[in-house]
Amino acid sequence: MNKLSVQDRVQILNCLSEGMGVNATARLTGKSNNTILKLLADVGEACALYQDCVMVNLPCKRVECDEIWSFVGAKQKNVRKDDETHAEFGDCYTFTAIDPDTKLMPCWLVGTRDADSTIQFMHDLAPRLANRVQLTTDGWQAYPEAVTRARFPKGVDYAVLNKTYAAGSPTSEAKRRYSPPAMTKATKTVIYGNPDVKAISTSIVERANLSMRMGNRRLTRLTNAFSKKLVNHMHAMSFYFMVYNFVKIHGSIKTTPAMEAGVTDFLWSMEDVVLMAETNS
C-alpha cells in the first residue's frame, strides 16, 4: 500500500487548516478526495485522543461557553425521516469552551442542542479544571441544570448572559439573511456563587466561534462545503482545535494557547501534528 510522505501530509493539513475544502485541497495537492478524507480521519481521531489526555489540571480562572451551529448532509427542515441514509443528517451544534485569559479551548462536543448534549459537555469540562472558576454561558435553558450536575471539583461561580435582539430587524430579506439582528439589551443573571459582575461575558467565546466559522470550510454558510458525514465533521473539529490550541500563534497573547496555559512547553508545527498522529495510530 502506498503511504503519503510526511511532507505530503503536512501540505494537505496546512490547506485544511487554512479553511480550504476537500475539493480545493485535492486540486492544489494532486491527491484524491478519498486520500484527504482518510488522512483527516486518522489525524482527527489522534488529535481528539491526545487533547483528551493532556487537557487536565488546567489553570483556568474564567471560562466562557457557547454553541456554534452547522449541519450535516442537509438542514433539519430538509431531512427525510423515511430515508435511512438521512439518519445522521440535520442540524449539528459544536459546544465550545474558552479561557479568556490564556485563550485555551480545553474541550468541545459535537452533538445536538439539547439537554443530553449540554450535560455531557459540562461533565467533560468540569474535571479538567484545577481551580474554582467563573463560568459564563448564554441563555440556553439546559445550561443551569448541566452546570449543577457537573460538580466542578473546586466549585464554580456561575452566571448567564441573556441577549435580546430587535424583532424583525434588519427589515429587508437580503439584510435578514446576511446581517445579524440588532442587539437591544444584555441581561446578566447570577445563578449561584459569587461571580465578578464585570467579568460576566461571552464575547471571547463568540469571537472564537467566528474564527472557527472562518477557518473551517465545513462551517461556511451558504455553500455546498458542509459535512456529508457526521464522523468526518467530528474529525474536522478535532483537527481544528488541535491547530488552534497548539500550532497557530494567537494574536492577542503572541504565543499558542497551549503554551500560555502550560499544557505544552514548545511551539508545535504541522509536522509535529503528523508525527503525533502517526505515533497514536
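Any value given below was found using the heavy atoms of this structure, including those in side chains, with hydrogens, waters and symmetry copies removed.
At a threshold of 4.5 Å between side-chain heavy atoms, the hydrophobic network of Ile, Leu, Val, Met, Phe, Trp and Tyr places F71 and L230 in two separate groups. Both V133 and M122 are assigned to one and the same hydrophobic cluster, defined by single-linkage of ILVMFWY side chains at heavy-atom distances under 4.5 Å. Placement of V243 and I68 in two distinct hydrophobic clusters is found when ILVMFWY residues are connected by side-chain heavy-atom separations under 4.5 Å, directly or transitively. Note on Y240: it does not cluster hydrophobically with M214, by side-chain heavy-atom contacts below 4.5 Å among ILVMFWY residues. Under the 4.5 Å side-chain heavy-atom criterion for ILVMFWY residues, a single connected hydrophobic cluster contains both V247 and L39.
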Could you check F241 against T96 for side chain to side chain contact (heavy atoms under 4.5 Å, CB included), going step by step and ending with a plain yes or no? CA-CA 10 Å; F241 286 110; T96 61; 3.8 Å; yes

R207 vs S203, test: side chain to side chain donor-acceptor pair (under 3.5 Å). Steps then yes/no. CA-CA 6 Å; R207 181 59 182 84; S203 297; over 6 Å; no

Decide salt bridge (charged side-chain N to carboxylate O under 4.0 Å, His left out) for K31 and D8; before the verdict, give the C-alpha distance in whole Å, the side-chain angles of both, and the deciding distance to 0.1 Å. CA-CA 9 Å; K31 308 303 178 186; D8 285 339; 3.5 Å; yes

Side chain to side chain contact (heavy atoms under 4.5 Å, CB included) for M234 and W108? Distances and angles first, verdict last. CA-CA 10 Å; M234 297 171 68; W108 66 93; over 6 Å; no

Determine whether K163 and D138 satisfy the following criterion, salt bridge (charged side-chain N to carboxylate O under 4.0 Å, His left out), listing intermediate values before the conclusion. CA-CA 8 Å; K163 294 183 178 180; D138 62 18; over 6 Å; no

Apply side chain to side chain contact (heavy atoms under 4.5 Å, CB included) to the pair V231 and E88, showing each step before the final yes or no. CA-CA 9 Å; V231 65; E88 293 186 342; 5.9 Å; no

Audit row: H250, M259, side chain to side chain contact (heavy atoms under 4.5 Å, CB included) steps and yes/no: CA-CA 11 Å; H250 197 287; M259 291 184 70; over 6 Å; no

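Looking only at distances, no side-chain donor or acceptor of T102 sits under 3.5 Å from a matching main-chain atom of E260. A donor-acceptor pair under 3.5 Å is absent between the side-chain atoms of K61 and the main chain of N131, judged by distance alone. Using modelled atom types, no side-chain atom of E67 and backbone atom of Y93 make a donor-acceptor pair closer than 3.5 Å. Side-chain atoms of R218 do not come within 3.5 Å of backbone N or O of V72 as any donor-acceptor pair. For the pair S269 (side chain) and D272 (backbone), a donor-acceptor distance under 3.5 Å is present. At distances below 3.5 Å, at least one donor-acceptor pair connects side-chain atoms of K188 with backbone N or O atoms of V197. A donor-acceptor pair under 3.5 Å links the side-chain atoms of H86 to the main chain of R80, judged by distance alone. Judged by distance alone, with hydrogens and angles left aside, the side-chain atoms of K228 form a donor-acceptor pair with the main-chain N or O of F226 at under 3.5 Å. Checked by atom type and distance alone, the side chain of T256 never pairs as donor or acceptor with a backbone atom of L267 at under 3.5 Å.
If you take CG on L37 and OG1 on T25, they are separated by 10.0 Å, rounding to the nearest 0.5 Å. To the nearest 0.5 Å, atoms CZ (R62) and CD1 (I98) are separated by 10.5 Å. If you take CG on L13 and CE on M270, they are separated by 5.5 Å, rounding to the nearest 0.5 Å. Within the model, atoms CG of N216 and CE of M237 stand 3.5 Å from one another, a figure rounded to the nearest 0.5 Å. Atoms OG1 and CG, on T187 and L161 in that order, are 8.0 Å from each other to the nearest 0.5 Å. Interatomic distance, OG1 of T94 versus CH2 of W69, reported as 11.5 Å (0.5 Å rounding).
Residues S70 and L219 meet the side-chain proximity criterion, which asks for heavy atoms closer than 4.5 Å. Two residues are said to be in side-chain contact when any heavy atoms from C-beta on lie closer than 4.5 Å; D124 and L109 fail this criterion. You'll find the side chain of V63 stays beyond 4.5 Å of the side chain of V156, heavy atoms only. In this structure, R217 and L16 have side chains that are not in contact, with every pair of non-hydrogen atoms separated by 4.5 Å or more.
Annotation for C107 and F121: closest pair SG-CE1, 3.7 Å, computed over non-hydrogen atoms. Annotation for I249 and T255: closest pair CG2-N, 3.4 Å, computed over non-hydrogen atoms. Shortest non-hydrogen contact noted between T220 and T223 is O-OG1, 3.4 Å. L129 approaches P153 most closely through the heavy-atom pair O-CG, 4.4 Å. The two residues T148 and Y192 come nearest to each other via the heavy atoms N-OH, 3.5 Å. Nearest approach of P106 to L58, heavy atoms of both residues: CB-CD1, 3.4 Å.
Side-chain atoms of S117 and R113 include no donor-acceptor pair closer than 3.5 Å. Between W140 and T118, the side chains place a donor N or O and an acceptor N or O closer than 3.5 Å (distance only, hydrogens not considered).
Of the residues L40, N34, N33, N232, the one that meets the side-chain contact (heavy atoms from CB on, under 4.5 Å) test with V22 is N33.
At most 12 heavy atoms of other shown residues, nucleotides or ligands fall within 6.0 angstrom of atom CD in Q120.
Between W268 and F266, the ring-plane angle classifies as parallel under the 30° and 60° cut-offs. The aromatic rings of Y143 and F95 lie perpendicular to each other, with more than 60° between the two planes, well past the 30° mark.
Applying the ring-ring contact (aromatic ring centres under 6.0 Å, His included) test to Y244 and every residue at least two apart in sequence or in another chain returns nothing.
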Please list, one pair per line, the donor and acceptor atoms closer than 3.5 Å that link side chains of residues 44-57 to other protein atoms, with sequence neighbours excluded.
residue : atom : partner : partner atom : Å
Q51     : OE1  : N245    : ND2          : 3.2
Q51     : NE2  : C47     : O            : 3.2
Q51     : NE2  : S238    : O            : 3.3
D52     : OD1  : R128    : NH2          : 2.5

